[in-house]
Amino acid sequence: MLNFTAFNPTRLHFGKGVLEKLGPEAARTGQKALIIIGKGSVKSNGILKKVTDSLDSNQLEWRLFEGVKSNPEYELADAAVEAAKLYGADMIIAVGGGSVIDTAKAVCAGVYVDHSVWEFYAGKGIQPKNALPLLVVLTLAATGTEMNRFTVLQDTENQHKRGWGHELLYPKISYLDPEFTYTVPANYTAYGVADMLAHTFELYFSTDPAPLSDAFATEVVKLGFQYGPQVINDGKNYQARANILWLSTIALNGSLQAGKRTGDFGVHSFEHVLSVLFDIPHGAGLSIVYPAWMKHFQNQIGHKLDVLAQTVLGPSAVGSDFIVALENFYDQIKTPKRLSDWGIGKDKHALILQTLEANKVKGAFFDMKSADYKAMLDLMA
Ligand code: NZQ
Ligand code: ZN
């Protein structure tokens with residue numbers, strides 16, 4: 001086990017009705033909130049109204065910034081920074097899924113600088129010195145951004161999708177009411193489950209030895225296999241929604257990383273290329289790339305794959321059984337397993353290859369070069 005620092009400053013309220021805490025806590029945080037939302041689901045399902053009612057009844061001022069798209073782009077975050085500056089916001093409230101929250105994180109740091117937020121993502125080592133406090137009302141179980149220090153945005157024109165992290169980006173408070181995820185459609189519910197599993201795999205397959213983190217990870221996968229189909233088949237099953245929501249937070253809030261330098265995240269980097277080229281939802285891209293990655297690196301991950309198979313499937317299972325079970329699971333929850341399932345034909349392989357190379361896609365532990373990209377593309381064709 002390697003040295004590590006455990007640090008997570010996010011206060012997280014979980015369960016039915018937790019939003020009632022928002023108004024009083026926001027009043028202790030600031031006076032003027034810029035509320036950031038996506039394309040409108042939180043208006044139609046009534047969640048935004050609950051948020052604004054709670055601010056109104058605590059005499060707080062607020063203004064709405066709307067329109068964040070799934071696979072969010074830095075240009076809109078820059079526009080939200082301008083809106084926050086003009087308004088004089090002293091806190092940001094994100095109401096939505098990962099795309100909204102990641103944009104809000106960029107805004108929190110962006111209001112203190114004069115350059116585009118993209119500078120933080122561009123890999124130049126530019127770090128914020130300050131950030132506005134962020135309150136999060138999560139509406140979709142997937143990314144873990146509600147309790148971590150990461151944000152992912154894309155520069156669509158130049159075909160880069162990049163993550164970046166800083167301690168100032170942890171949300172101050174996050175509100176997770178499983179009932180708020182009832183209206184997430186079955187497809188995005190499934191992409192969220194696929195993302196949660198992918199975060200767990202990325203950390204689990206890190207080659208740094210950390211037995212407790214690995215034991216947590218295999219249990220997360222086991223519970224994901226149990227509750228995943230339940231949330232798809234019955235979107236209003238509270239226990240299933242609650243379990244998937246908490247698993248999603250745990251998968252990327254540092255709990256599975258103790259004793260490891262990092263996760264691998266090679267599959268995530270590969271998927272970001274699919275997102276930026278084809279605007280495919282993040283979790284859908286991951287369920288295409290992961291089986292191919294496991295098959296391609298099977299010799300190197302053999303022992304860990306066996307342990308994962310035995311925990312999830314039973315004592316007599318071996319690693320290849322897990323890959324088969326994972327593909328069956330994706331079928332069950334209806335996420336794509338091949339590029340062709342998403343209408344991406346072989347004629348696009350050259351473009352994907354070129355963009356993988358331009359972005360120097362690789363994992364922290366499992367290097368990938370041109371030959372690996374080609375072999376994986378064949379496996380996911
Ligand atoms: O735009 P709205 O109207 O809000 O609709 C959204 C969107 O269409 C909808 N939705 C969200 N909550 C809903 C709902 N519809 C009905 N009822 C609700 N309660 O769902 C769609 C997808 O939303 P989005 O926020 O894009 O999904 P997700 O939470 O999966 O976020 C994906 C983004 O997060 C990044 C991904 O790359 C992607 O850009 N990630 C962020 C990470 C992080 N910050 O730690 C880590 C992840 O690996 C990931 O990369
Ligand atoms: Zn992810």
Side-chain angles (χ1 to χ4, degrees), residues 10 35-48 50 66-74 76-77 94-106 121 134 136-154 156 160-166 169-171 174 176-203 231 235-236 241 244-245 248-249 251-254 257 263-276 279-287 289-290 335:
T10 301
I35 302 175
I36 301 182
I37 67 168
K39 296 284 189 188
S41 64
V42 296
K43 285 183 170 174
S44 45
N45 62 22
I47 296 173
L48 179 63
K50 291 191 171 116
E66 51 190 307
V68 177
K69 75 179 264 306
S70 192
N71 291 330
E73 296 171 327
Y74 81 88
L76 198 86
V95 188
S99 298
V100 167
I101 299 164
D102 283 1
T103 301
K105 288 181 173 181
Y121 297 75
L134 172 64
V136 164
V137 179
L138 183 66
T139 64
L140 194 163
T143 63
T145 188
E146 64 276 8
M147 202 181 186
N148 74 31
R149 62 197 188 97
F150 304 114
T151 162
V152 184
L153 291 183
Q154 68 186 45
T156 310
H160 301 304
K161 178 165 185 168
R162 293 214 170 121
W164 159 69
H166 194 277
L169 301 183
Y170 282 101
S174 285
L176 275 64
D177 184 335
E179 291 186 342
F180 285 7
T181 66
Y182 281 180
T183 52
V184 180
N187 58 355
Y188 273 102
T189 299
Y191 306 149
V193 171
D195 192 21
M196 175 272 285
L197 287 177
H199 297 154
T200 310
F201 297 148
E202 299 284 16
L203 288 154
V231 278
K236 291 193 167 50
R241 285 286 193 188
I244 289 295
L245 187 57
S248 304
T249 302
L252 204 58
N253 75 347
Q257 195 180 323
D264 184 62
F265 290 102
V267 171
H268 265 69
S269 303
F270 198 118
E271 192 288 322
H272 286 170
V273 163
L274 301 181
S275 268
V276 87
D279 205 20
I280 184 168
H282 178 58
L286 291 168
S287 65
V289 184
Y290 242 118
T335 56

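All ligand and atom numbering here is 1-based and tracks the order in the structure.
If you check each of Leu286, Leu140, Leu169, Leu138 against atom 11 (C) of ligand 1, the one with the closest non-hydrogen atom is Leu140. Selection from Glu179, Lys161, His199, His272 by nearest heavy atom to atom 39 (O) of ligand 1 gives Lys161.
Judged by distance alone, the side chain of Glu202 and the main-chain N or O of Phe265 form a donor-acceptor pair under 3.5 Å. Using modelled atom types, one side-chain atom of Arg241 and one backbone atom of Gly235 make a donor-acceptor pair closer than 3.5 Å. With hydrogens and angles disregarded, no donor-acceptor distance shorter than 3.5 Å links the side chain of Lys39 to the backbone of Ser41. In this structure, Lys105 contributes its side chain and Phe150 its backbone to a donor-acceptor pair below 3.5 Å.
Checked against a 3.5 angstrom limit, the closest N/O atoms of Phe150 and ligand 1 fall inside it. Taking only nitrogen or oxygen atoms, main chain and side chain alike, Thr181 does not reach within less than 3.5 Å of ligand 1. Residue Phe180 places at least one N or O, backbone or side chain, under 3.5 Å from an N or O of ligand 1.
Put simply, no part of Lys105 is less than 4.0 Å from ligand 1, judged by heavy atoms. Val184 counts as a contact of ligand 1, since one of its heavy atoms falls under 4.0 Å from the ligand. Using a 4.0 angstrom heavy-atom cutoff, Pro72 counts as in contact with ligand 1. Ligand 1 lies nowhere less than 4.0 angstrom from a heavy atom belonging to Gly192. A heavy-atom separation below 4.0 Å is not found between Lys69 and ligand 1.
The closest protein non-hydrogen atom to atom 50 (O) of ligand 1 is His282 NE2, 3.3 Å. Among protein heavy atoms, the minimum distance from atom 28 (P) of ligand 1 is reached at Gly98 N, 3.6 Å. Regarding atom 7 (C) of ligand 1, its nearest protein heavy-atom neighbour is Ser70 CB, 4.6 Å. Of the protein's non-hydrogen atoms, the one nearest atom 30 (O) of ligand 1 is Ala142 CB, 3.6 Å. Nearest non-hydrogen protein atom to atom 41 (C) of ligand 1 is Asp102 OD2, 3.0 Å. Residue, atom and distance of the protein heavy atom nearest to atom 6 (C) of ligand 1 are Ser41 OG, 4.3 Å. If you check which protein heavy atom lies closest to atom 8 (O) of ligand 1, you get Tyr188 CE1, 4.3 Å. Scanning the protein for heavy atoms near atom 24 (P) of ligand 1, the closest one is Ser99 OG, 3.4 Å.
In terms of heavy atoms, Thr156 sits closest to Val276 at CA-CG2, 4.1 Å. Residue Leu245 comes nearest to Leu138 through the heavy atom pair CD1-CD2, 3.7 Å, listed as atom of the first residue, atom of the second, then distance.
The N, O or S atom of Asp195 with the smallest distance to the Zn ion (ligand 2) is OD1.
Rounding to the nearest 0.5 Å gives a distance of 4.0 Å between CG of Leu169 and CH2 of Trp164. Ile280 contributes atom CD1, which lies 9.0 Å from atom CG of Leu286 (distance to the nearest 0.5 angstrom).
Each of the following atoms of ligand 1 lies closer than 4.0 Å to a heavy atom of Gly38: 1 (O), 4 (O). The atoms of ligand 1 that sit less than 4.0 Å from any heavy atom of Gly97 are 25 (O), 29 (O). Near Asp195, meaning under 4.0 Å from one of its heavy atoms, ligand 1 places the atoms 47 (C), 48 (O). Short contacts between ligand 1 and His268, defined as distances under 4.0 Å to a heavy atom of the residue, involve ligand atoms 48 (O). Heavy-atom proximity to Asn148, at under 4.0 Å, picks out these atoms of ligand 1: 45 (O). Less than 4.0 angstrom separates some heavy atom of Leu252 from each of these atoms of ligand 1: 45 (O), 46 (C). Atoms of ligand 1 lying under 4.0 Å from at least one heavy atom of Asn45, given by number and element, are 17 (N), 18 (C), 19 (N).
Remark: the Tyr121 side chain and the Thr151 side chain contain an N/O donor-acceptor pair separated by less than 3.5 Å. Under the 3.5 Å distance criterion, with hydrogens and angles disregarded, no donor-acceptor pair is assigned to the side chains of Thr10 and Glu146.
Counting heavy atoms under 4.0 Å from ligand 1, residue Val42 does not touch it at all. Residue contacts with ligand 1, taken as heavy atom pairs separated by less than 4.0 Å, do not involve Ile101 at all.
You'll find the side chain of Asp195 reaches within 4.5 Å of the side chain of His268, heavy atoms only.
Considering the Zn ion (ligand 2) as centre, the angle to NE2 of His282 and to NE2 of His199 is 170° (10° rounding).
Aromatic rings of His160 and His272 (six-membered ring for Trp) have centroids beyond the 6.0 Å cut-off, not under it.
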